[in-house]
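Data first, discussion second: the structure below is written as structure tokens.
Each chain gets a letter, A, B and so on, in the order its sequence line appears, and its residues count up from 1.
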2 protein chains.
Amino acid sequence: MFKLSKKTEYSIIALQYLIKREAQMATVKEIAEKCKIPQPLLAKLLQLLARKQILRSVQGVNGGYRLDQPAAKISVADVLEAVEGPLRMTACGSSSVRCERLSFCDLRQRLAPVQKELITYLQKISLLDF
Amino acid sequence: MFKLSKKTEYSIIALQYLIKREAQMATVKEIAEKCKIPQPLLAKLLQLLARKQILRSVQGVNGGYRLDQPAAKISVADVLEAVEGPLRMTACGSSSVRCERLSFCDLRQRLAPVQKELITYLQKISLLDF
DNA sequence: ATAAAATAAGACTAAATTAGTCCAATATAT
DNA sequence: ATATATTGGACTAATTTAGTCTTATTTTAT
């Protein structure tokens with residue numbers, strides 16, 4: 001329970017690698033080899049992080065990825081959201097899901113504050129102090 | 001991310017039903033129908049909860065399940081652990097998993113305090129105030 | 001005693017999600 | 001131009017989760 005997905009683990013590991021390299025670019029290939037992450041999968045993850053402005057990508061020769069924000073400003077919550085999508089504890093609540101228990105189940109409402117606290121907590125942990 | 005499994009949802013819903021019924025027994029069949037949960041699956045879940053002394057089971061005619069503890073003493077963490085097994089955020093750390101990144105990856109150690117806080121938090125939420 | 005009503009346990013199948021691959025397209029420095 | 005990168009999307013494989021089925025055991029009422 002609450003186990004991070006491989007995607008999330010890989011993302012954090014790759015980010016930590018990039019933090020150590022500071023502003024220097026690193027290619028997917030390099031990161032994949034050093035961190036022992038399957039390269040095509042890592043490529044996807046770094047793309048997701050770039051879309052959320054956590055990383056900056058440069059295409060072409062001498063291209064690669066580097067941090068687009070100071071490490072202290074990147075929260076664990078940011079990474080989770082970029083890679084896994086919005087954090088929510090119940091299946092219902094996403095617009096497409098209709099729940100046959102709606103009439104009597106108050107799980108979602110009860111979980112809402114828990115979820116909120118959890119997110120707040122994860123937002124306070126940056127990749128640096130984490 | 002952090003979405004509760006169906007098992008967990010079903011367990012909490014069933015427990016809330018049992019809380020409303022107070023000390024009265026309810027059969028798996030009854031709970032399954034009222035809460036719209038597949039009966040054989042629910043049966044498994046209630047067994048897990050009974051093993052952890054969250055529920056008390058009585059076999060035979062007129063048997064069923066009832067709470068084995070006051071609702072206020074049952075924490076969300078208890079339910080999660082009973083149904084999902086120990087809460088841990090990394091795949092490594094369970095004895096059977098060997099990680100090829102061990103030499104340089106400190107994810108597990110860094111996640112340890114996060115995980116601890118999370119568990120502490122979930123332990124403080126009972127089925128009543130939740 | 002016996003039948004009926006209940007949980008217990010484990011093997012099994014199906015569905016869904018996650019992990020990982022592959023390939024063609026686009027961008028860029030030399 | 002060409003080599004080296006990322007981009008994006010479709011695809012397959014593996015794993016996990018959800019759900020079913022069957023048989024055994026326990027208990028009670030008759």
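- For the atom pair CD of Gln123(A) and CG of Leu87(A), the computed distance is 9.0 Å after rounding to the nearest 0.5 Å.
- Listed in residue order, the members of residues 54-63 of chain A having a heavy atom less than 4.0 Å from DNA chain C are Gln59(A), Gly60(A), Val61(A), Asn62(A).
- Judged by distance alone, the side chain of Gln69(A) and the main-chain N or O of Gln53(A) form a donor-acceptor pair under 3.5 Å.
- Put simply, chain B comes within 4.0 Å of DNA chain D, heavy atom to any atom, from dA18(D) to dA29(D), going 5' to 3'.
- For Arg56(B), the CZ atom sits in a loose shell: 12 or fewer heavy atoms of surrounding residues, nucleotides or ligands are nearer than 6.0 Å.
- Contact check for Tyr17(A) versus Ile37(A): no side-chain heavy atoms found under the 4.5 Å cut-off.
- Linking ILVMFWY residues whenever their side-chain heavy atoms come closer than 4.5 Å, directly or via other members, leaves Val58(A) and Leu49(A) in distinct clusters.
- dT18(C) atom P lies 11 Å from atom NZ of Lys3(A), rounded to whole Å.
- Residue Glu9(A) holds its CD atom at 13.5 Å from NZ of Lys7(A), rounded to the nearest 0.5 Å.
- Residue Ile12(B) holds its CD1 atom at 11.0 Å from CD1 of Ile74(B), rounded to the nearest 0.5 Å.
- For the atom pair Glu84(B) CD and Ser11(B) OG, the distance stands at 8.0 Å (nearest 0.5 Å).
- For the pair Leu46(B) CG and dA6(C) P, the computed distance is 14 Å after rounding to whole Å.
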Review item, nucleotides 9-11 of chain C N/O atoms under 3.5 Å of protein N/O:
unit_1  : atom_1 : unit_2   : atom_2 : d
dA9(C)  : OP2    : Arg51(B) : NH2    : 3.2
dG10(C) : O6     : Lys44(B) : NZ     : 3.0
dA11(C) : N6     : Lys44(B) : NZ     : 3.0

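- Listed for the Arg108(B) side chain is no donor-acceptor partner under 3.5 Å among the backbone atoms of Ala112(B).
- Sorted by first then second residue, the salt bridge (charged side-chain N to carboxylate O under 4.0 Å, His left out) pairs that include residues 112-130 of chain B, not counting sequence neighbours, number zero.
- Within 6.0 Å of CD on Glu22(A) lie no more than 12 heavy atoms contributed by other residues, nucleotides or ligands.
- Against DNA chain C, the stretch residues 18-40 of chain A makes heavy-atom approaches under 4.0 Å through Pro38(A), Pro40(A).
- The line from CD of Gln24(A) to CZ of Arg66(A) is 11.5 Å long, rounded to the nearest 0.5 Å.
- In this structure, CD1 in Ile13(B) is found 9.0 Å from CG in Asp106(A), a value given to the nearest 0.5 Å.
- Judged by distance alone, the side chain of Gln115(B) and the main-chain N or O of Met89(B) form a donor-acceptor pair under 3.5 Å.
- The shortest non-hydrogen separation linking Cys99(B) to Cys92(B) is CB-CB, 4.2 Å.
- Contacts with DNA chain D (heavy atom under 4.0 Å) in residues 4-13 of chain A: none are found.
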